[in-house]
There are 2 protein chains.
Amino acid sequence: MSLSPTEENYLKAIFKIAEKEKKAVGTNSIAKQMDTAPASVTDMIKKLADKDLINYEKYKGVSLTPAGNKAATNLIRKHRLWEVFLVNKLRFAWHQVHDIAEELEHIMSDELILRLDAFLDYPKFDPHGDPIPNAEGKFTLRTQMSLSDMTLLQSGVVLGVKEHQTEFLKHLTKLNIKLGSEIKILEITDFDLSMRIHIDNKYEEVISKTISQNLLMKRN
Amino acid sequence: MSLSPTEENYLKAIFKIAEKEKKAVGTNSIAKQMDTAPASVTDMIKKLADKDLINYEKYKGVSLTPAGNKAATNLIRKHRLWEVFLVNKLRFAWHQVHDIAEELEHIMSDELILRLDAFLDYPKFDPHGDPIPNAEGKFTLRTQMSLSDMTLLQSGVVLGVKEHQTEFLKHLTKLNIKLGSEIKILEITDFDLSMRIHIDNKYEEVISKTISQNLLMKRN
DNA sequence: ATATTTTTTTAGGCTAAACTAAATTTATTT
DNA sequence: AAATAAATTTAGTTTAGCCTAAAAAAATAT
């Protein structure tokens, strides 16, 4: 059974919400994620439940079935592989690739993804540091923490970003922060928890708590 | 103004029909090309005429306006560039790429095509030997002729194929015929115009008129 | 030149995916 | 526990792109 791009997007939205909140996913949160009216979500929910992609009880929210989970992770796999292609092969910047990958992820050929994966050398993480699930839907796990949870004089390496907004990513680039950058905390201001940091032992910058919270690190 | 994939496909269909038949393009021929009912074509024709992409007079058929022509050639450009990507980079065979490119051609980013073109080294022809229009919609022309129009003992190089059907392309592959192959006509049978040919001075095969008609050659 | 055939358009419907407004159920306050 | 608020569903429309059947126009044949 094949899914429309819209159906796939709903499954992905449900997956992403379920990732954060443990419990059943509500109509309203899906509506917000998809930027549609709650009534539209109810319609689609019924359709996906009929196809056994989600578990649904009226007024009780939804969760993905194994089949739905498979479809969602496969879409995420495709999205992230295409992002790797766009950045590593076509030399796009990391803030430019989300919307394009959002379209590319719906191309249907499985053979295409197989070959793309090989062409890219089987990457395990995308340009934002997010793990790329394998063909079975398994994500590679790593221990990582927000820079905001590290303390004075500690240092670490940037593994990824929590926030994917264009403006945030452009800002990081301006600060010379990228995946793999080494960051050392030189000073923490008690008042607002802003940090003075050393980037790759080369650039000294001050960053707000909002930024340090969204930087995912491996501590040295 | 942005076009839906369906609208783009109609423009492409009109372009392809207009390429062969000089006159105005009729509703029925579009319906056949698009595999839809003529009534659906009439609906869409009106919409495209409203957007000034085609010239349309009731019962008189249609033709592309400059804007429509631009959109159609751009779609063909994208299709053919993606085919080059699939064959040259992902190592697909030439008979596998049409359907996938049919989906990829509708990805909207112009920047993507710009970068893809550069990544592929600005190819002028696709894996079937069809010219790739440049960003302004200009096609590179070459003098070429069907193998069926060449005569005994002449030889030439395969530039492209007229027919794109999977089975035809697979058959050529089995005969060791590909773009760039040198072919010499050893014998022509008067009765059915089949040919005995030498391929790359290495393989000797007999091919029917149907095949020789669909092979486009540069004569030595 | 009229009759027949072919092509094209109109009319009326259908489905997927959205919407708004109203009704209903569940959750939260007082 | 009743009242209010929030979340969810139902009901009724909308739009794009398709369909079939019937009507109208153009092309072809007699």
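Just so we're on the same page: letters track the sequence lines, and every chain starts at 1. Computed from heavy atoms alone, side chains included, the values below leave out hydrogens, waters and symmetry copies.
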(request) Identify whether any heavy atom of B:S40 sits under 4.0 Å from a base atom; if not, whether one sits that close to sugar-phosphate; answer base, sugar-phosphate or nothing. (result) base

Distance in angstrom units between [X] [atom1] and [N] [atom2], rounded:
| X | N | atom1 | atom2 | result |
| --- | --- | --- | --- | --- |
| A:D50 | C:dA16 | CG | P | 11 Å |
| A:D35 | C:dA18 | CG | P | 11 Å |
| B:I30 | C:dT7 | CD1 | P | 14 Å |
| A:Y10 | C:dA16 | OH | C1' | 11 Å |

(message) Going by side-chain hydrogen bond (donor to acceptor under 3.5 Å, both in side chains), name the residues that satisfy it together with A:H95, two or more places apart in sequence or in a different chain.
(response)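 None.
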
(message) Can you list everything that forms a side-chain hydrogen bond (donor to acceptor under 3.5 Å, both in side chains) with B:T210? Sequence neighbours excluded, please.
(response)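 With sequence neighbours excluded, B:T210 shows a side-chain hydrogen bond (donor to acceptor under 3.5 Å, both in side chains) to no residue whatsoever.
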
(request) Return each pair, listed once, that meets salt bridge (Lys or Arg N to Asp or Glu O under 4.0 Å) where at least one residue sits in residues 48-69 of chain B; pairs must be two or more places apart or across chains. (result) B:E7-B:K51

(request) Could you note down all residue pairs passing salt bridge (Lys or Arg N to Asp or Glu O under 4.0 Å) where residues 99-109 of chain A supplies at least one of them, sequence neighbours left out? (result) A:K12-A:E102, A:K12-A:E105

(request) Classify every nucleotide of nucleotides 3-12 of chain D by which part a protein heavy atom approaches to under 4.0 Å, writing B for the base, S for the sugar-phosphate alone and - for neither, in 5'-to-3' order. (result) ----SBBB--

Could you pull out every donor-acceptor pair under 3.5 Å between side chains of residues 28-45 of chain B and any protein atom, sequence neighbours left out?
unit_1	atom_1	unit_2	atom_2	d
B:S29	OG	B:G26	O	2.9
B:T42	OG1	B:P38	O	3.3

(request) Walk me through it: do B:K16 and B:E19 pass the test salt bridge (charged side-chain N to carboxylate O under 4.0 Å, His left out)? (result) CA-CA 5 Å; B:K16 291 207 163 168; B:E19 222 178 11; over 6 Å; no

